[in-house]
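Written below as C-alpha cells is the structure these notes are about.
Residue numbers begin at 1 in each chain, while the letters A, B, ... track the order of the sequences.
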2 protein chains.
Amino acid sequence: MTLDEGKQKFLQSWGALGSSWGINRTMAQIHALLLISPEALSADEIMADLQISRGNANMNIRALIDWGLVFKELKPGERKEFFIAEKDMWEVVKCIITQRKKRELEPMLKVLDELSSVADESKEGEAFAEVIKDIKLFSSKADSTLDTLTKADSNWFVGTFMKMIR
Amino acid sequence: MTLDEGKQKFLQSWGALGSSWGINRTMAQIHALLLISPEALSADEIMADLQISRGNANMNIRALIDWGLVFKELKPGERKEFFIAEKDMWEVVKCIITQRKKRELEPMLKVLDELSSVADESKEGEAFAEVIKDIKLFSSKADSTLDTLTKADSNWFVGTFMKMIR
DNA sequence: CGTAGATTTCAGAAAATTGTGAAATCTTAG
DNA sequence: CTAAGATTTCACAATTTTCTGAAATCTACG
C-alpha cells in the first residue's frame, strides 16, 4: 500500500469511527489529517486536502480546539493561522474522556438526582425508583473512575493498571 | 415531580444520551421504556407510549434484541410477543462494551494492521507510521482491557477494581 | 485611518438519517 | 387447510444534521 492510499484509508476509517461515536465525520477527518501531518496546516490546506468549504473547515477546527485536541500555531512572519494536533494518544483519549464526561455524564447525573425525587407507591413507581437508583450508582462510580483515570499519567496506565487487571 | 413527569424526563434524557453516542433516539427510548417497565410490553404498548409507527417500533426492537439488551417474552395463551429489558446495569454495560468492541474496535484494529504495511521514507511517511503504531498500541491495550472487564463480574468490578484505583 | 488578507457567521441547500404505513409474509388456533 | 392476528419489509416522506459560500467582521501593517 502506498502512503497516499494509506492516508486516504486512514482519513476514511477515522471519519467513520467518529460517526458512530456521535462526532461528525468531517471533524474526525480533520483531526486525522492533523494527526498524521508532520507540520502544522493552514485552513486552506485542510480545505484542499479534504475537499471541504471554508465555513465547514473553520467550524470543525474551532470545535476541535474547544475539545482541546488541536492547537493554533502562529508562524512568525505569516498572517495565517496554522493548526497542529495533540499527537500523544493517551493525551487524546484523556481529552475525549474529560470532555464527554463534562458534556454527558455530569448532566445525566444531575437529571438522575432530580428523578430521585419521584416517590410513587405503585408497582411502576417502585420499578422506576429502582432503575434510577441503579443507574445513578453506576454512573457515580463511572464518574469517579474516569476522574482517577484522567488524572493518572500514561506510564501508570500502561504499567500498573494494565498489569493489575491482566 | 410526579411519576409521569419523571418517566417523561427519563425517556427524553436517555434518548438524547443515545443520540450523542451514535445510537438512534428511538432505540434508546424503547430501551429506557422497557427498563422502567415492571412488566414485559407488547409492540403495541411501545408504539402507543412513544407515539411511533409499527415499522419503527419493530425495527428498533429487533436492533435491541441484536445487541442483547432486550429479550422476547412469550406469555402463555397470548399470541403477541412481549419484550423485556435486561435490568442489571452491569450486564447492560457489558453488553454495550462487547458489541461496540466487536463492531468498531476490532475492525479498526484490522485496518490499522493493513496500514502498518505502508513503508515510505519521507517525513510524511515516518509521521504516518508513527501515528499508526501509537494508535495500534493503544487500541490493542484497550481491546484486552475491555476483554478482562467484560469477563469480570459485577462484584469484582465494584469491589476490587474500584478500591484499587481510588 | 485605510485596506488587504484572514477569519467568522449564518441562511439556505444538500445530504444523511430516521420514521411511516400499507402490503407482504409469517404463524397458529381451530 | 384457512383465516385472523401478528410481524416484517421497504419505498417514500419527514426530520435532523451537516455543508456551502458569500457577506460580515476582525486584524495588523503601512
Strand contacts (DNA chain D) in residues 29-50 of chain B, 4.0 angstrom heavy-atom criterion: none

Protein proximity profile, nucleotides 9-19 of chain D - base contact B, sugar-phosphate-only contact S, no contact -, cut-off 4.0 Å on heavy atoms: B--------SS

Residue list, side-chain contact (heavy atoms from CB on, under 4.5 Å) with B/Lys72, at least two apart or on another chain: B/Arg62, B/Glu81, B/Phe83

pair B/Arg100-B/Leu146: side-chain heavy atoms closer than 4.5 Å: no

Residues which pass side-chain hydrogen bond (donor to acceptor under 3.5 Å, both in side chains) with B/Asp113, listed by chain and number, not counting sequence neighbours: B/Lys136

Atom of B/Ser13, atom of A/Met108 and distance for their closest heavy-atom approach: O-CE, 3.9 Å

Contact summary for B/Asp44 and B/Arg54, nearest pair of heavy atoms: OD1-NH2, 2.8 Å

Residue pair B/Leu33 / B/Leu11, side-chain heavy-atom distance below 4.5 Å: yes

Separation of atom NZ in B/Lys80 from atom C1' in D/dT8, rounded to whole Å: 17 Å

For B/Ala127 against A/Pro38, the heavy-atom pair lying closest together: CB-CB, 4.0 Å

Whole angstrom value for the distance that separates P of C/dT8 from CG of A/Leu64: 13 Å

Could you go through nucleotides 27-30 of chain C and list every protein N or O atom that sits under 3.5 Å from one of its N or O atoms, giving the distance for each pair?
unit_1, atom_1, unit_2, atom_2, d
C/dT27, O2, B/Arg79, NH2, 2.8

Salt bridge (Lys or Arg N to Asp or Glu O under 4.0 Å) evaluation trace for A/Lys123 with B/Glu39: CA-CA 10 Å; A/Lys123 190 170 56 170; B/Glu39 307 287 349; 2.4 Å; yes

Residues which pass side-chain contact (heavy atoms from CB on, under 4.5 Å) with A/Ser139, listed by chain and number, not counting sequence neighbours: A/Leu105, A/Leu109, A/Leu112, A/Ile135

Side-chain donor-acceptor pair present, B/Thr2, B/Asp4, cut-off under 3.5 Å: no

